[in-house]
A.B. asks: 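Before I ask anything, here is the structure I am working with.
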Amino acid sequence: NAPTIFAITPTFARPVQKAELTRLAQTFLHIPNFYWIVVEDAINKTELVTNFLHESGLIYKHLNDVTPRTFKLGKNDPNWKKPRGVAQRNKALKWLRENYNSSQNAVVYFADDDNTYSLKLFKEMERIKVIGVWPVGLVGGLMVERPICDASTMKVTGFNAVWQPERKFPMDMAGFAINLRVILEKKDAWFSYESKNGYQETEILEQMVTRDQLEPLADCCTKVYVWHTRTEPSHLKEENLLIKKGRKSNVDIEV
Ligand code: UDP
Ligand code: MN
């Protein structure tokens, strides 16, 4: 029978949050055996996310863990300056390790809230024994960043990454999923704020797997089923003027 797919999604309050979560939830509703772990970057769980999940129709676990202040991106910091989602992904790993054992047939995927996911990706994940890998569109300065797969051996022989190709696993977070058994066995593997820019993926993977264990999916890594889309920050110039006048547009309306 098909494994449970745990998707771990860090999320934080901003004007586009509900739109992002809606897009994700309505993709995830189509996936059988799907379990959404949503981790808010917040001191307390918000009403917006609590109500959203309650009404979503999905099976989910709602967690929260705030990013320490020193690691939070400043308003004008470029996004590569600090690792994002570290505390939240770790919170989810901890929850999985405390609540499941290896009798649970499952796969764990780190699904950021702004990417675009094809349903085909989740079908591929069902075959993962240790770690599955696949191409990610629109990331690393390329149209597609991907493992190079030898079709005769079905082994990963390298990567096409141009950005920091010296990483042992030069992949985006969206480009792999791991069998729950591995997450449970490697119980001391965590994400770290100390990771150099762009090293989050390789550092967690180095703690859990070796390169020869990579299982190429998506037709020997020739198909793109996930895109590293990024949502433009909303422009709220007029809203800011209204706020100054004490009559913002969303009084009593959740956006
Ligand atoms: N995130 C978060 N707190 C933050 C910034 C980001 O929880 O202060 C979440 C975000 O919602 C997303 C994940 O962490 O699910 C990765 O962030 P982002 O998409 O900005 O990273 P990038 O696409 O730039 O790698
Ligand atoms: Mn993103």
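Small disclaimer: the values here were computed from a predicted structure and weren't measured.
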A.B. asks: Please report the C-alpha distance between Tyr60 and His54 in whole Å, then the side-chain angles of each, then the deciding distance to 0.1 Å, and finally whether the side-chain contact (heavy atoms from CB on, under 4.5 Å) criterion is met.
C.D. replies: CA-CA 9 Å; Tyr60 64 88; His54 184 71; 4.0 Å; yes

A.B. asks: Would you check if the side chain of Trp227 reaches a backbone N or O of Val144 as a donor-acceptor pair within less than 3.5 Å?
C.D. replies: no

A.B. asks: Looking at every non-hydrogen atom in both residues, tell me the closest pair between His30 and Gln26 and how far apart they are.
C.D. replies: CD2-O, 3.0 Å

A.B. asks: Which word best sums up how the rings of Tyr117 and Phe28 line up, parallel for under 30°, tilted for 30 to 60°, or perpendicular for over 60°?
C.D. replies: tilted

A.B. asks: Out of curiosity, does Leu214 fall in the hydrophobic cluster containing Val182 (side-chain heavy atoms, cut-off under 4.5 Å, transitive links)?
C.D. replies: yes

A.B. asks: Just by distance, with hydrogens left out, do Asp113 and Thr9 show a side-chain donor and acceptor under 3.5 Å apart?
C.D. replies: no

A.B. asks: Quick one about Ser192 and Glu203 (side-chain donor to acceptor, distance below 3.5 Å, no hydrogens or angles considered), yes or no?
C.D. replies: no

A.B. asks: Check whether any side-chain heavy atom of Phe159 sits under 4.5 Å from a side-chain heavy atom of Arg211, and report yes or no.
C.D. replies: yes

A.B. asks: Rounded to the nearest 0.5 Å, how far apart are SG of Cys221 and CD1 of Ile148?
C.D. replies: 8.5 Å

A.B. asks: If only atom types and distance count, is the side chain of Arg167 paired as donor or acceptor with the main-chain N or O of Gly198 below 3.5 Å?
C.D. replies: yes

A.B. asks: Taking Gln213 for the side chain and Thr210 for the main chain, is one N or O donor matched with an acceptor at less than 3.5 Å?
C.D. replies: yes

A.B. asks: If you measure from CG on Leu142 to CH2 on Trp163, what distance do you get to the nearest 0.5 Å?
C.D. replies: 11.5 Å

A.B. asks: Can you confirm whether more than 12 heavy atoms, excluding those of Glu166, are under 6.0 Å from its CD atom?
C.D. replies: yes

A.B. asks: Is there a side-chain contact between Val49 and Gln17, using heavy atoms and a 4.5 Å cut-off?
C.D. replies: yes

A.B. asks: So, Thr11 versus Glu20: side-chain donor-acceptor pair below 3.5 Å or not?
C.D. replies: no

A.B. asks: Could you see if Leu121 belongs to whatever hydrophobic cluster contains Tyr35? Use Ile, Leu, Val, Met, Phe, Trp, Tyr and a side-chain cutoff under 4.5 Å.
C.D. replies: no

A.B. asks: So, for Ala42 and Asn64, which heavy atoms are closest and what is the spacing to 0.1 Å?
C.D. replies: O-ND2, 3.1 Å

A.B. asks: With rounding to the nearest 0.5 angstrom, report the CG to NE2 distance, Leu53 to His62.
C.D. replies: 5.5 Å

A.B. asks: Are Tyr100 and Phe110 connected, step by step, through hydrophobic side chains (Ile, Leu, Val, Met, Phe, Trp, Tyr) whose heavy atoms are closer than 4.5 Å?
C.D. replies: yes

A.B. asks: Is there a donor-acceptor contact under 3.5 Å from the side chain of Glu206 to the main chain of Phe169?
C.D. replies: no

A.B. asks: With side-chain contact (heavy atoms from CB on, under 4.5 Å) as the test, would you mind laying out the steps for Leu63 and Glu40 before giving the verdict?
C.D. replies: CA-CA 6 Å; Leu63 300 169; Glu40 283 195 75; over 6 Å; no

A.B. asks: Counting distance only, does the side-chain N/O of Tyr109 pair as donor-acceptor with the main-chain N or O of Ile178 below 3.5 Å?
C.D. replies: no

A.B. asks: How close do Pro147 and Val156 get, counting heavy atoms only, and between which atoms?
C.D. replies: CB-CG1, 3.9 Å

A.B. asks: Test salt bridge (charged side-chain N to carboxylate O under 4.0 Å, His left out) on Glu254 and Lys18; report intermediate values, then the result.
C.D. replies: CA-CA 9 Å; Glu254 187 180 87; Lys18 193 176 184 185; 2.6 Å; yes

A.B. asks: Given Gln88, which of Ile8, Thr67, Ile37 fulfils the side-chain contact (heavy atoms from CB on, under 4.5 Å) condition?
C.D. replies: Thr67

A.B. asks: Side chains of Glu145 and Pro135: does their closest heavy-atom pair fall under 4.5 Å?
C.D. replies: no

A.B. asks: Show, in sequence, the C-alpha distance, side-chain angles and deciding distance for Arg84 and Lys82, and conclude whether the side-chain contact (heavy atoms from CB on, under 4.5 Å) test is met.
C.D. replies: CA-CA 6 Å; Arg84 294 162 301 287; Lys82 298 204 176 112; 5.6 Å; no

A.B. asks: Once you round to the nearest 0.5 Å, how far does CZ of Arg97 lie from CG of Leu184?
C.D. replies: 7.5 Å

A.B. asks: Which atom names give the shortest non-hydrogen contact between Phe34 and Ala7, and what distance separates them?
C.D. replies: CZ-CB, 3.4 Å

A.B. asks: Got Ile5 and Asn33 here, is their nearest side-chain heavy-atom distance under 4.5 Å?
C.D. replies: no

A.B. asks: So, taking the atom named CZ in Phe176 and the one named CE in Met208, what distance separates them when rounded to the nearest 0.5 Å?
C.D. replies: 8.0 Å

A.B. asks: When you check the side-chain N and O atoms of Tyr199 and Asn197, is any donor under 3.5 Å from an acceptor?
C.D. replies: no

A.B. asks: Would you say Arg127's side chain and Leu217's backbone share a donor-acceptor pair under 3.5 angstrom?
C.D. replies: no

A.B. asks: Report yes or no: do Trp190 and Phe6 belong to one cluster of Ile/Leu/Val/Met/Phe/Trp/Tyr joined by side chain heavy-atom distances under 4.5 Å?
C.D. replies: yes

A.B. asks: Going by heavy atoms in the side chains, are Arg89 and Val39 under 4.5 Å from each other?
C.D. replies: no

A.B. asks: How about Cys220 and Cys149 - are their SG atoms less than 2.5 Å from one another?
C.D. replies: yes

A.B. asks: What's the shortest heavy-atom distance between Val107 and Met125, and which atoms?
C.D. replies: CG2-O, 3.6 Å

A.B. asks: Please check if Val38 and Met173 belong to a single hydrophobic cluster, counting links between Ile, Leu, Val, Met, Phe, Trp and Tyr side chain heavy atoms closer than 4.5 Å.
C.D. replies: no

A.B. asks: Which atom names give the shortest non-hydrogen contact between Ile128 and Glu215, and what distance separates them?
C.D. replies: CA-OE1, 3.4 Å

A.B. asks: Taking the side chain as every heavy atom from C-beta outward, state whether Asp112 and Pro10 have any pair of such atoms under 4.5 Å apart.
C.D. replies: yes

A.B. asks: Has the side chain of Arg146 got a donor or acceptor atom that lies under 3.5 Å from a matching backbone atom of Ala161?
C.D. replies: no

A.B. asks: Would you mind reporting whether Val108 and Leu96 have side-chain heavy atoms less than 4.5 Å apart?
C.D. replies: yes

A.B. asks: So Val136 and Val224, side-chain contact (heavy atoms from CB on, under 4.5 Å) or not? Walk me through it.
C.D. replies: CA-CA 6 Å; Val136 178; Val224 177; over 6 Å; no

A.B. asks: Do Glu185 and Ser102 have side-chain atoms, one donor and one acceptor, less than 3.5 Å apart?
C.D. replies: no

A.B. asks: State, without any angle test, whether His235 and Glu232 hold a side-chain donor-acceptor pair at a distance under 3.5 Å.
C.D. replies: yes

A.B. asks: With a 4.5 Å heavy-atom cut-off, do Asp41 and Val66 have their side chains touching?
C.D. replies: yes

A.B. asks: Can you confirm whether Leu119 is buried at CG, in the sense that more than 12 heavy atoms of other residues, nucleotides or ligands lie under 6.0 Å from that atom?
C.D. replies: yes

A.B. asks: To the closest 0.5 Å, what do you measure between CG (Asp65) and NZ (Lys45)?
C.D. replies: 10.5 Å

A.B. asks: Should Lys120 and Glu124 count as an ion pair when the cut-off is N to O under 4.0 Å?
C.D. replies: no

